[in-house]
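See below for the structure under consideration.
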Amino acid sequence: MRARRLDDAEVKVDQDSMTRVIEVYRDASKDTLADRMGITIVEASADRVVGTMPVAGNIQPYGLLHGGASCVLAETLGSLASALHAGPDRATVGIEISATHHRAATSGQVTGVTTMLHGGRTITTHEIVITDDAGRRVCTSRLTCLLIDRVPGQPARTAPGAGAG
């Protein structure tokens, strides 16, 4: 994946194959929160990321999908989309997330679909819609990420999405 400057206001990322991006992200995510929660990326580009997460293991005491789990799914997907937009020489950090929980999920899996609302040089904003197995909206989240040259205290990242989440 290579970043290509179009003008001073926009950076466009040419995507590697979706399969390669997903493989690299999966390898970089081993033993992270997203891995422990069972999040799987099924589609990935700067404009749209889709992922799934099981409800089992991510519930609160009443047996419902935990609202925090929905936020983790949303931030994982939105951060990956932001990292793909930023390109391989930059990192992305979430700076604000909001979530509206519309209905409960009690079994199966949920699917999050991330859509870019704004993709600038320093800020990205994404909407993440999470639905249950029946296609009913469980949660709507909005994530804003800051694009930086590298994560403080860490070496420059070398893999797509390595700074995500």
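Only heavy atoms go into these numbers, but all of them, side chains included; no hydrogens, no water, no symmetry mates. None of these values were measured; they are calculated from a predicted model.
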Exercise: identify the closest heavy-atom pair between S79 and T92
O-CG2, 3.4 Å

Nearest atoms (heavy-atom pairs only) where V49 meets A81:
CG2-CB, 3.6 Å

When you look at V50 and I41, which way does the side-chain contact (heavy atoms from CB on, under 4.5 Å) test go after all the steps?
CA-CA 6 Å; V50 179; I41 305 298; over 6 Å; no

Start with the C-alpha gap between H85 and L147, add the side-chain angles, then the distance that decides, and say whether side-chain contact (heavy atoms from CB on, under 4.5 Å) holds.
CA-CA 9 Å; H85 170 77; L147 306 180; 3.9 Å; yes

Under the side-chain hydrogen bond (donor to acceptor under 3.5 Å, both in side chains) test, which residues partner N58, sequence neighbours left out?
none

Side-chain contact test, heavy atoms from C-beta onward, threshold under 4.5 Å: evaluate it for T140 versus H102 and give yes or no.
yes

Just jot down the side chain to side chain contact (heavy atoms under 4.5 Å, CB included) partners of L33, sequence neighbours excluded, or say none.
R36, M37, V72

Pairing residues for T32 by the side chain to side chain contact (heavy atoms under 4.5 Å, CB included) criterion, not counting sequence neighbours
S29, A34, D35

Quick one: side-chain hydrogen bond (donor to acceptor under 3.5 Å, both in side chains) partners of T124, sequence neighbours excluded?
S82

Full working for side chain to side chain donor-acceptor pair (under 3.5 Å) between T115 and H126:
CA-CA 6 Å; T115 305; H126 294 83; over 6 Å; no

Nearest 0.5 angstrom please: L146 CG to R90 CZ, how far?
8.0 Å

Please check: side-chain N/O of S141 versus main-chain N/O of S98, any donor-acceptor pairing under 3.5 Å?
yes

Got a donor-acceptor contact below 3.5 angstrom from the R137 side chain to the D132 backbone?
no

With rounding to the nearest 0.5 Å, note down the distance linking CE in M116 to OG1 in T125.
9.0 Å

Please report the interatomic distance CG(L117) to CD1(I128), rounded to the nearest 0.5 Å.
8.0 Å

Evaluate side-chain contact (heavy atoms from CB on, under 4.5 Å) for I148 paired with V93, printing each intermediate quantity in order.
CA-CA 8 Å; I148 58 177; V93 292; 4.3 Å; yes

If I compare all heavy atoms of L143 with all of A74, which pair ends up nearest, and what's the gap?
CD2-O, 4.2 Å

If you round to the nearest 0.5 Å, how far is OG1 of T76 from CD1 of I39?
4.0 Å

Is there a path of hydrophobic side-chain contacts, each under 4.5 Å between heavy atoms of I/L/V/M/F/W/Y residues, joining L80 to I97?
yes

Results of side-chain hydrogen bond (donor to acceptor under 3.5 Å, both in side chains) for R142 - residues two or more places apart only
none

Residue list, salt bridge (charged side-chain N to carboxylate O under 4.0 Å, His left out) with D31, at least two apart or on another chain:
none

Please name all residues satisfying side chain to side chain contact (heavy atoms under 4.5 Å, CB included) with I59, sequence neighbours left out, ordered by chain then number.
V55

Listed by chain and number, what are the side chain to side chain contact (heavy atoms under 4.5 Å, CB included) partners of T131, not counting sequence neighbours?
T111, V129

List in chain and number order the residues that pass salt bridge (charged side-chain N to carboxylate O under 4.0 Å, His left out) with E127, two or more places apart in sequence or in another chain; answer none if no residue qualifies.
none

Backbone of Q109 reached by a side-chain donor or acceptor of D133 within 3.5 Å:
yes

With sequence neighbours left out, what residues match R103 under salt bridge (charged side-chain N to carboxylate O under 4.0 Å, His left out)?
none

Identify, with sequence neighbours excluded, every residue that meets side-chain hydrogen bond (donor to acceptor under 3.5 Å, both in side chains) alongside R48.
E43

After noting the C-alpha distance and the side-chain angles of V110 and L73, does the key distance pass the side-chain contact (heavy atoms from CB on, under 4.5 Å) rule?
CA-CA 9 Å; V110 291; L73 176 60; 3.9 Å; yes

Connected via hydrophobic side-chain network under 4.5 Å: V21 and V42:
no

What side chain to side chain donor-acceptor pair (under 3.5 Å) pairs are there with at least one residue in residues 61-72, not counting sequence neighbours?
none

Show the nearest heavy-atom pair for residues L77 and G112, with the distance to one decimal.
CD1-O, 3.4 Å

